[in-house]
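Accompanying notes for the structure given below.
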2 protein chains.
Amino acid sequence: MRIGELSRATGVEVETIRYYEKAGLLPPPSRADNGYRAYGSGHLERLAFVRHCRALDISLADIGRLLDFLDHPEAACGDINRLVDAQLDRVRARIISLQALERQLSALRRHCDEDLQVRDCGILQELVGAARGEACTCHERGAPA
Amino acid sequence: MRIGELSRATGVEVETIRYYEKAGLLPPPSRADNGYRAYGSGHLERLAFVRHCRALDISLADIGRLLDFLDHPEAACGDINRLVDAQLDRVRARIISLQALERQLSALRRHCDEDLQVRDCGILQELVGAARGEACTCHERGAPA
DNA sequence: GCTTGACCCTGGAGTGGCTACAAGGTTTGC
DNA sequence: GCAAACCTTGTAGCCACTCCAGGGTCAAGC
Ligand SMILES: [Zn+2]
Ligand SMILES: [Zn+2]
Ligand SMILES: [Zn+2]
Ligand SMILES: [Zn+2]
């Protein structure tokens, strides 16, 4: 299988496949006489695994760790659980901070309905006022996430 | 005001302030004889505005647009409303995709409770099976967002 | 035999929003 | 007189790609 076929079989762009190889997530395939990469079904399965984990927003570093586990089936699996737990914690924290953000943006949006001059726009007035510190705590301590 | 004082007054790191200047969000301040940047209260207010918008996760490019509006108070404000609407849409879409992700990760997490050998870990088995296409659609069409 | 187009290769640059140096100059306090 | 704390510029790194330049390879069609 050449890289274009692997790309079509998995829906992963050719450049991304080469990037994963350079990042150590895909073992370097053998090469045809002309230098073209030649993949087998093991590569396809491994690439699908990587993409499935990426769809779960798992970082490439963590995917590398999971692949190491696959290569060491007799090890203890506790670190896998902890990896998934940490991922879940990150996702939940991000959801909470985005929900807070959504509330702030909704409130902001309600400050202007019509097509006014900028000087009269309630949104901009609110932003300027909040930045001055009136009723705003959000930018005193870092971004929401 | 020197850059360190502005940094302490706003809680924004010195490097970030210089970065904003290079990005065109802060006008270049005047310089003292020794070449040190010398800021006034206008800079402080503008920097606070930038940080407040960043806390709302507005991109630097959009913040630049908002600053342009501040400099043109007689323009129509419709684009401001649209900018905030687009930001809200992005945040809401991201929340929905992260909630889907949270459900998937929670379901995944339930596949292993104990400290087993990797070969028996339900999480890893589930990941491998899903990557093979058993009951998985997530990686067929791009990442969740 | 010659062209066209699809495919492949490597290596480097760009994205956003910072952060972290390196290598120097300046000021402040003791 | 000297160290610590400040300032300057410029560059490189982070993540996970994405795109491009500048080439090589190969099959089909004329
Ligand atoms: Zn999947
Ligand atoms: Zn308005
Ligand atoms: Zn704020
Ligand atoms: Zn387990």
Side-chain angles (χ1 to χ4, degrees), chain A residues 1-26 28-39 43 47 49-67 87 90-91 94 97 101 139 142-145, chain B residues 1-26 28-39 43 47 49-67 87 90-91 94 97 101 139 142-145:
Chain A
M1 202 172 10
R2 296 197 307 191
I3 198 168
E5 300 171 75
L6 181 61
S7 170
R8 278 186 295 277
T10 55
V12 181
E13 297 229 15
V14 167
E15 275 105 344
T16 305
I17 296 173
R18 284 194 285 248
Y19 174 76
Y20 286 164
E21 179 183 333
K22 205 156 48 173
L25 293 177
L26 283 182
S30 56
R31 300 283 183 138
D33 291 349
N34 53 18
Y36 290 8
R37 288 172 178 81
Y39 293 100
H43 288 101
L47 179 55
F49 180 87
V50 170
R51 288 312 278 190
H52 182 71
C53 292
R54 283 297 299 138
L56 296 173
D57 215 21
I58 296 173
S59 72
L60 295 188
D62 278 353
I63 294 171
R65 256 159 243 146
L66 290 175
L67 289 168
Q87 182 70 13
R90 272 192 297 273
V91 169
R94 188 86 182 114
S97 95
L101 193 52
H139 55 285
Chain B
M1 203 173 6
R2 297 198 307 190
I3 198 167
E5 299 172 75
L6 182 62
S7 171
R8 278 186 295 277
T10 55
V12 181
E13 298 230 15
V14 167
E15 275 105 343
T16 304
I17 296 173
R18 284 194 285 249
Y19 174 77
Y20 287 163
E21 179 183 333
K22 203 156 50 173
L25 293 177
L26 283 183
S30 54
R31 300 282 182 139
D33 292 348
N34 52 17
Y36 289 10
R37 289 172 177 82
Y39 294 99
H43 288 100
L47 179 55
F49 180 86
V50 170
R51 289 310 280 189
H52 183 71
C53 293
R54 282 297 299 138
L56 295 173
D57 214 20
I58 296 173
S59 71
L60 295 188
D62 277 353
I63 293 170
R65 259 160 240 144
L66 290 175
L67 288 168
Q87 180 71 14
R90 273 192 297 273
V91 168
R94 187 86 182 114
S97 95
L101 193 52
H139 55 288

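Order of the sequence lines sets the chain letters (A, B, ...), proteins ahead of strands, with each chain counted from 1. Only this structure's heavy atoms are used, side chains among them; waters, hydrogens and symmetry mates stay out.
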Would you say [X] and [Y] make side-chain contact, with heavy atoms under 4.5 Å?
| X | Y | value |
| --- | --- | --- |
| Arg37(B) | Arg31(B) | yes |
| Leu25(A) | Tyr19(A) | no |
| Arg54(B) | Phe49(B) | no |
| Ser7(A) | Val12(A) | no |
| Arg51(B) | Thr16(B) | yes |
| Arg18(A) | Ile3(A) | yes |
| Tyr20(A) | Val50(A) | yes |

Taking only nitrogen or oxygen atoms into account, show me every contact under 3.5 Å that the protein makes with nucleotides 9-11 of chain D, one pair per line with its distance.
residue	atom	partner	partner atom	Å
dT9(D)	OP1	Arg31(B)	NH1	3.4
dT9(D)	OP1	Arg31(B)	NH2	3.1
dT9(D)	OP2	Arg37(B)	NH1	3.0
dT9(D)	OP2	Arg37(B)	NH2	2.8

Self-check item: Residues which pass side chain to side chain donor-acceptor pair (under 3.5 Å) with Arg65(B), listed by chain and number, not counting sequence neighbours
Solution: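 Only Asp62(B) meet the side chain to side chain donor-acceptor pair (under 3.5 Å) criterion with Arg65(B).
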Quiz item: Quick one: side chain to side chain donor-acceptor pair (under 3.5 Å) partners of Tyr39(B), sequence neighbours excluded?
Solution: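 Expected list: none.
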Using whole Å, what does the distance between atom [atom2] of nucleotide [N] and atom [atom1] of [X] come to?
| X | N | atom1 | atom2 | value |
| --- | --- | --- | --- | --- |
| Asp62(B) | dG17(C) | CG | C1' | 14 Å |
| Asp57(B) | dG16(C) | CG | P | 14 Å |
| Ile17(B) | dG17(C) | CD1 | P | 17 Å |
| Ile3(A) | dA6(C) | CD1 | P | 18 Å |

Which pairs, protein N/O on one side and nucleotides 12-16 of chain D N/O on the other, fall under 3.5 Å?
residue	atom	partner	partner atom	Å
dA16(D)	OP1	Leu60(A)	N	3.4
dA16(D)	N7	Tyr19(A)	OH	3.3

Quiz item: Could you state the interatomic distance from CG (Leu6(B)) to CG (Leu47(B)), rounded to the nearest 0.5 Å?
Solution: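 CG of Leu47(B) is found 5.0 Å from CG of Leu6(B).
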Quiz prompt | N/O (side chain, Thr16(B)) to phosphate O (OP1/OP2, dT19(C)) under 4.0 Å | solution =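 So the side-chain polar atoms of Thr16(B) do come within 4.0 Å of the phosphate oxygens OP1 or OP2 of dT19(C), strictly under.
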Practice problem: Starting at the 5' end of nucleotides 23-28 of chain C, put B wherever the base has a protein heavy atom under 4.0 Å, S where only the sugar-phosphate does, and a dash everywhere else. | Solution: --BBS-
Quiz item: Hey, does the side chain of Gln87(A) reach the backbone of Leu56(A) with a donor-acceptor pair shorter than 3.5 angstrom?
Solution: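 Yes: the side chain of Gln87(A) pairs with the backbone of Leu56(A).
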Exercise. Could you tell me which non-hydrogen atom of Leu66(B) sits nearest to which non-hydrogen atom of Cys53(B), and how far apart they are?
Key: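 Looking at all heavy atoms of both residues, the closest pair is CD1-SG, 4.0 Å.
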Self-check item: Heavy-atom pair with the smallest gap, counting every atom of Asp57(B) and Arg94(A)
Solution: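 Asp57(B) and Arg94(A) have their closest heavy atoms at OD2-NH2, 3.8 Å.
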Practice problem: Quantify the bending of the helix from dG1(C)-dC30(D) to dC30(C)-dG1(D) as the angle between its end axes, each fitted on five pairs, to 10°. | Solution: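 It works out to 30° between the end axes.
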